[in-house]
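Here's the structure we're looking at; comments come further down.
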There are 2 protein chains.
Amino acid sequence: MEIKEHVINKMQDTLKIASDATRLKIMFCLLKEEKCVNDIALEINASQSLVSHQLKILKDGEFVKSRKEGTKIYYSLKDEHVRQIMEITLEHVLEDEAHD
Amino acid sequence: MEIKEHVINKMQDTLKIASDATRLKIMFCLLKEEKCVNDIALEINASQSLVSHQLKILKDGEFVKSRKEGTKIYYSLKDEHVRQIMEITLEHVLEDEAHD
DNA sequence: ATATTATATGAACAATCATTCATATTTGCA
DNA sequence: TGCAAATATGAATGATTGTTCATATAATAT
């Protein structure tokens, strides 16, 4: 193979992070604007703890970044790659919907 | 949320399929040309059984398609979305490499 | 028919991972 | 200093999943 083993592994890690319903909901939640943890939890109807755990995973994986303001912490999508992965995956899914 | 729950779930399923090192290796293997099961197994150094199992998952998820010729079955990438997901994820990973 | 080659499948096991619950940390304010 | 609000963390658990091994199916050739 032409591609390095450790690059494959990093791709696996990256995609594994994206491949979870809770984390996808969080990302869609942040698509338009930054939000703090509690607002996200309310919006996607999940516990504060769960959202916090998943945000950590998303942040470690470079999917989101955060900004502190007083006692609140605002999260937002990190870059264009994240949006693109969401977009293309969505297209793929919607295309399938068509001929099911 | 604006996006439907079952679309999120399908996105999860799609990304889950992509997020495995063995399956990624298979996809990279098929990037340029179609190949049969045994050739893939040899190329990525995996057992025939494992490759067959993973090809089934890739096929069910619309990542690859297959073509029968005699006793052999040739697999190839299904469409552009697959290539794009690989490409963008690769970019994301390589960008991270830069500032580690 | 039998043997051979290519691929698929089912069961089983180990490992990974999402979620919950309880608790800890941090910040702002009275 | 003490309280409340916002977020993070650790342990435990139940479910999912990648891999292996053994075996089954399918097609071809002798």
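Each chain gets a letter, A, B and so on, in the order the sequences are listed, and its residues count up from 1. Remember, it's a predicted structure, so these values are computed and weren't measured experimentally.
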Expressed as a whole number of angstroms, how long is the span from B:R67:CZ to C:dA6:C1'? 15 Å

Protein-nucleotide distance (B:Q12, atom CD; D:dA15, atom C1'), rounded to Å: 13 Å

Using 0.5 Å steps for rounding, measure from the CG atom of A:L31 to the OG atom of A:S76. 11.5 Å

Rounded to whole Å, the NZ-C1' distance (A:K25 to C:dA18) equals 12 Å

Spacing of A:I44 atom CD1 relative to C:dA18 atom P, expressed in whole Å: 13 Å

Closest to the A:S52 side chain: D:dT7, D:dG18, C:dA6? D:dT7

Think A:Y75 has a side-chain N or O under 4.0 angstrom from the OP1 or OP2 of D:dA6? no

Within the structure provided, determine whether A:L24 and B:L15 are in side-chain contact (heavy-atom separation under 4.5 Å). yes

Nearest heavy atom decides the nucleotide; on that basis, is A:V37 or A:K16 closer to the 5' end of DNA chain D? A:V37

Can you tell whether the side chains of A:E43 and A:K25 come within less than 4.0 Å, N to carboxylate O? no

Among C:dT7, D:dA6, D:dG18, the one nearest B:C36 by side-chain distance: C:dT7

Looking across every strand, which nucleic acid part, if any, lies under 4.0 Å from B:Y74 by heavy atom: base, sugar-phosphate, or nothing? nothing

Let me spell it out: for each of B:I73 and A:I57, pick the nucleotide of DNA chain C with the closest heavy atom. Which residue's pick is nearer the 5' end? B:I73

Under 4.0 Å between a side-chain N or O of A:N38 and OP1 or OP2 of D:dT7? yes

Interatomic spacing from CZ in A:F63 to CG in A:D79 - rounded to 0.5 Å: 9.0 Å

Just how far, in rounded Å, is P of C:dT7 from CG of B:L42? 10 Å

Residue pair B:E95 / B:E91, side-chain heavy-atom distance below 4.5 Å: no

Nucleotide D:dT28, atom C1' - distance to NZ of B:K72 in whole Å: 13 Å

D:dT25 P sits how many Å from B:K56 NZ, rounded? 16 Å

Whole angstroms only, please: what is the CG-P distance between A:N9 and D:dG18? 14 Å

Specify whether B:H81 and A:H92 have parallel, tilted or perpendicular ring planes, treating 30° as the upper limit for parallel and 60° as the lower limit for perpendicular. perpendicular

Between C:dA18, D:dT19, D:dA6, which one does the side chain of B:Q54 approach most closely? D:dT19

For nucleotides 20-30 of chain C, just jot down a letter per nucleotide in 5' to 3' order: B, S or -, based on protein non-hydrogen atoms under 4.0 Å. BBB----SS--

Could you state the interatomic distance from CD1 (A:I3) to CD1 (A:I8), rounded to the nearest 0.5 Å? 5.0 Å

